[in-house]
Number of protein chains: 2
Amino acid sequence: MDRFLSNAVNNIDSKGRVSVPAIFRQVLAQRADPQLYALQSIAHPAIDVGGMDLLQRYEDRMKAEDPFSETFADMSLFTYGDGAFLKFDSEGRITVTDFIRTHTGITDRVAFVGRNDFFQLWEPSQFEAHRAQARARLARLHLSKGVSQSTPE
Amino acid sequence: MDRFLSNAVNNIDSKGRVSVPAIFRQVLAQRADPQLYALQSIAHPAIDVGGMDLLQRYEDRMKAEDPFSETFADMSLFTYGDGAFLKFDSEGRITVTDFIRTHTGITDRVAFVGRNDFFQLWEPSQFEAHRAQARARLARLHLSKGVSQSTPE
DNA sequence: TGGGCCATCTTGGGCGTCAATGGGATTGCC
DNA sequence: GGCAATCCCATTGACGCCCAAGATGGCCCA
């Protein structure tokens with residue numbers, strides 16, 4: 001298994017820690033550099049978490065911009081200023097910092113959501129709402145294209 | 001870790017000192033020349049702090065300007081005339097001088113913002129405003145291009 | 001097929017270390 | 001003789017590391 005799939009909700013303990021699902025940790029363990037890179041998603045109240053390859057993707061994207069343009073500055077600020085490295089404790093937990101809480105609204109439970117090459121942290125009920133909306137959008141898309149509802153989503 | 005990433009806000013004490021985040025100090029400690037050079041950022045009410053390589057960045061920026069222009073002269077003055085060296089005390093703190101305060105509006109708290117090969121000092125609320133604007137611009141960029149969900153957000 | 005055993009994961013808490021912060025004392029320069 | 005920079009030490013709180021227990025699910029065997 002080399003992708004982040006499925007989702008799970010885990011509890012935050014009194015010290016602000018939460019276990020990263022074992023399935024996700026196994027994916028990370030296969031990598032050369034097990035470092036975790038996290039950033040505050042632009043489109044959602046969620047934290048995007050991945051390995052160094054995630055950071056690399058953003059840097060590659062920035063190379064396409066004029067280094068002195070405002071867009072480049074914005075991207076750089078977002079990638080480095082709004083990013084953070086997460087550390088596992090010896091049990092595979094991460095601590096939920098304010099960096100995570102303020103952007104997501106997470107208080108005592110965390111939804112881990114696989115996104116193939118990275119995963120996200122959500123406040124569980126917000127994720128539920130977001131998922132319902134995404135489903136509705138996809139359903140409309142199918143209908144407008146004349147695709148039957150029985151098609152796998 | 002060899003880059004400045006993440007942001008943090010620290011307090012200035014009654015003697016005008018502020019701790020540089022340990023993560024940033026660790027990055028600096030890995031360098032051959034641990035000297036810190038600080039410049040007043042051109043585009044923002046912030047101080048750019050980095051090693052001697054920071055100068056290189058500014059020189060590249062100047063190459064994009066017409067050497068006969070007033071802008072070039074101004075930038076040259078900024079880069080070479082208005083720089084300052086920062087010194088750590090034995091606890092890893094720096095003193096916040098007027099050089100820093102006047103350009104940033106910093107009074108009692110400092111936001112440290114990683115920018116990959118250097119970092120910035122901001123007045124916290126101004127940084128917050130700037131960050132919000134940058135994110136809004138990036139969000140618009142995404143929407144106008146209709147970027148798909150699988151793209152990093 | 002049902003029950004029990006075992007491996008693994010999630011969760012809880014103790015404890016030592018380090019970072020951030022505050023303040024006193026000393027040095028050096030103007 | 002100040003003012004400021006520097007050094008040293010103390011306190012507090014956060015974080016990392018370790019060990020322990022409850023929960024879960026899979027597997028084996030009777």
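Keep in mind that this is a model prediction, so the values were computed, not measured. Every chain is numbered from 1, with letters handed out A, B, ... down the list of sequences. Values below: every heavy atom of this structure, side chains too, minus hydrogens, waters and symmetry copies.
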- Stepwise side-chain hydrogen bond (donor to acceptor under 3.5 Å, both in side chains) check, A/Asp53 with A/Tyr37: CA-CA 9 Å; A/Asp53 53 314; A/Tyr37 171 68; over 6 Å; no
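Residue A/Val9 is out of contact with every strand shown, counting any heavy-atom pair closer than 4.0 Å.
Straight-line distance from the CG atom of B/Asp89 to the P atom of C/dA20: 12 Å, rounded to whole Å. Rounded to whole angstrom, the span from the CG atom of A/Asn10 across to the P atom of C/dC9 amounts to 12 Å. Rounded to whole Å, atom C1' of C/dT21 lies 15 Å from atom CD1 of B/Ile94. For B/Leu28 and C/dA19, the CG to C1' distance is 16 Å, given to the nearest whole Å. Between the CZ atom of A/Arg25 and the P atom of C/dT8 there is a distance of 12 Å, rounded to whole Å. With rounding to whole Å, A/Ile23 atom CD1 is found 12 Å from C/dT8 atom C1'. Per the geometry, CZ belonging to A/Phe24 stands 15 Å off C1' belonging to C/dC9, to the nearest Å. Distance B/Gln26 CD to C/dT17 C1': 14 Å, rounded to the nearest Å.
Using a 4.5 Å heavy-atom cutoff, the side chains of A/Leu55 and B/Arg3 are in contact. In this structure, the side chains of B/Arg115 and A/Ser76 come closer than 4.5 Å at one or more pairs of heavy atoms.
First and last contacts of DNA chain D with chain A, using any nucleotide atom under 4.0 Å from a protein heavy atom and ordered 5' to 3', fall at D/dG16 to D/dC19.
The pair B/Arg57-B/Asp60 does not count as a salt bridge, with every side-chain nitrogen at least 4.0 angstrom from each carboxylate oxygen.
Cluster annotation: B/Leu86 is connected to B/Ile23 through the hydrophobic network of ILVMFWY side chains, with a link wherever side-chain heavy atoms come within less than 4.5 Å.
Heavy-atom contacts from other residues, nucleotides or ligands closer than 6.0 Å to CD of B/Glu70 number 12 or fewer. Taking a 6.0 Å sphere around CZ of B/Phe68, one finds it holds 12 or fewer heavy atoms contributed by other residues, nucleotides or ligands.
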Protein N or O to nucleotides 22-26 of chain C N or O, pairs below 3.5 Å:
| from | atom 1 | to | atom 2 | distance (Å) |
| --- | --- | --- | --- | --- |
| C/dG22 | N7 | B/Arg93 | NH1 | 3.0 |
| C/dG22 | O6 | B/Arg93 | NH2 | 3.2 |
| C/dG23 | N7 | B/Arg17 | NH2 | 3.0 |
| C/dG23 | O6 | B/Arg17 | NH1 | 3.0 |
| C/dG23 | O6 | B/Arg17 | NH2 | 3.4 |
| C/dG24 | O6 | B/Lys15 | NZ | 2.1 |

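No hydrogens or angles considered: a donor-acceptor pair under 3.5 Å links the side chains of A/Glu59 and A/Tyr80.
Using a 30° and 60° split on the angle between ring planes, B/Phe112 and B/Phe24 fall in the perpendicular class, above 60°.
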